Amino acid sequence: MADASGARPAVKVRVATVADTPLILQFIRDLAEYERLLHEVEATEADIRRDLFGENPRCFCDIAEHQGQAVGFALWFYNYSTFRGRAGIYLEDLFVRPEARGVGAGKALLRRLAQRCMEADLGRLEWAVLNWNAPSIAFYDSLGAGAMTDWTVRRLDGAALERLAAS
């Protein structure tokens, strides 16, 4: 997707605004569809507005634009490493529309998060990727992201979460 000079038009990354709420939810749904998990999406626009743009934001979002069009997003929040003694960023979702893959949007979104880590003296940037997602794994490997093979993600939700909370 180069222009006549052979150069790629730049991807711009900006902080999402409340006006992006429907777009963010659509990106979430598009990502879930790609991951074969659309049936698990329960999020609503009200949820996105509350948690990203409400009085006490719990997560944050950046939007990648290419040629004036929103083509991807990164939704993230701060975590904390007790071993490092500093906060970090956990990337919950990264998605670029299929037709825009290859223009540098994914890398631009990750670069912006890495810059945030450097600017705020954060200890790390981390995320999870589905084991079958070979294109994404290859992309992350190309950036130097290491796999945490000694760790297994565990989750409590639904009835199990309710049972533990009530016990």
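This is a predicted model, so every value here is computed, not measured.
When hydrophobic clusters are built by joining Ile, Leu, Val, Met, Phe, Trp and Tyr residues whose side-chain heavy atoms come closer than 4.5 Å, directly or via intermediates, Phe27 is grouped together with Leu130. A continuous path of Ile, Leu, Val, Met, Phe, Trp and Tyr side chains, each step under 4.5 Å between heavy atoms, connects Tyr140 with Leu109, placing both in one hydrophobic cluster. A continuous path of Ile, Leu, Val, Met, Phe, Trp and Tyr side chains, each step under 4.5 Å between heavy atoms, connects Leu52 with Ile63, placing both in one hydrophobic cluster.
Electrostatic pairing of Glu119 and Arg112 counts as a salt bridge here, judged by a charged N lying under 4.0 Å from a carboxylate O. No salt bridge links Arg29 with Glu33; every basic N to acidic carboxylate O contact stays at or beyond 4.0 Å. Between Asp62 and Lys12 there is no salt bridge, since no side-chain N of the basic residue sits under 4.0 Å from a carboxylate O of the acidic one. Comment: Asp20 engages Arg14 in a salt bridge, judged by a side-chain N to carboxylate O separation of less than 4.0 angstrom.
Checking side-chain atoms of Arg101 against main-chain N and O of Val96 turns up a donor-acceptor pair under 3.5 Å. Using a distance-only test at 3.5 Å, with no hydrogens or angles considered, a donor-acceptor pair links the side chain of Asn79 to the main chain of Gly88. Between the side chain of Arg86 and the backbone N or O of Asp121 there is at least one donor-acceptor pair closer than 3.5 Å. Side-chain N or O atoms of Arg84 include one that pairs as donor or acceptor with a backbone N or O of Gly123 at under 3.5 Å.
Glu92 places none of its side-chain heavy atoms less than 4.5 Å from the side chain of Trp127. Side chains of Ser81 and Arg124 form a contact here, defined as non-hydrogen atoms less than 4.5 Å apart. Residues Arg97 and Glu99 have side chains in contact (heavy-atom distance under 4.5 Å, counting atoms from C-beta outward). Side-chain atoms of Phe73 and Leu23, non-hydrogen and from C-beta on, never get closer than 4.5 Å to each other.
The CG atom of Leu125 sits 10.5 Å away from the CZ atom of Arg116 when rounded to the nearest 0.5 Å.
Tested against Phe60, the residues Tyr78, Tyr90, Phe53 include a single ring pair (Phe, Tyr, Trp, His ring centres under 6.0 Å) partner, Tyr78.
Nearest heavy-atom pair across Ala74 and Leu91 is CB-CD1, 3.8 Å.
Side-chain polar atoms of Glu35 and Asn133 form no donor-acceptor pair below 3.5 angstrom.
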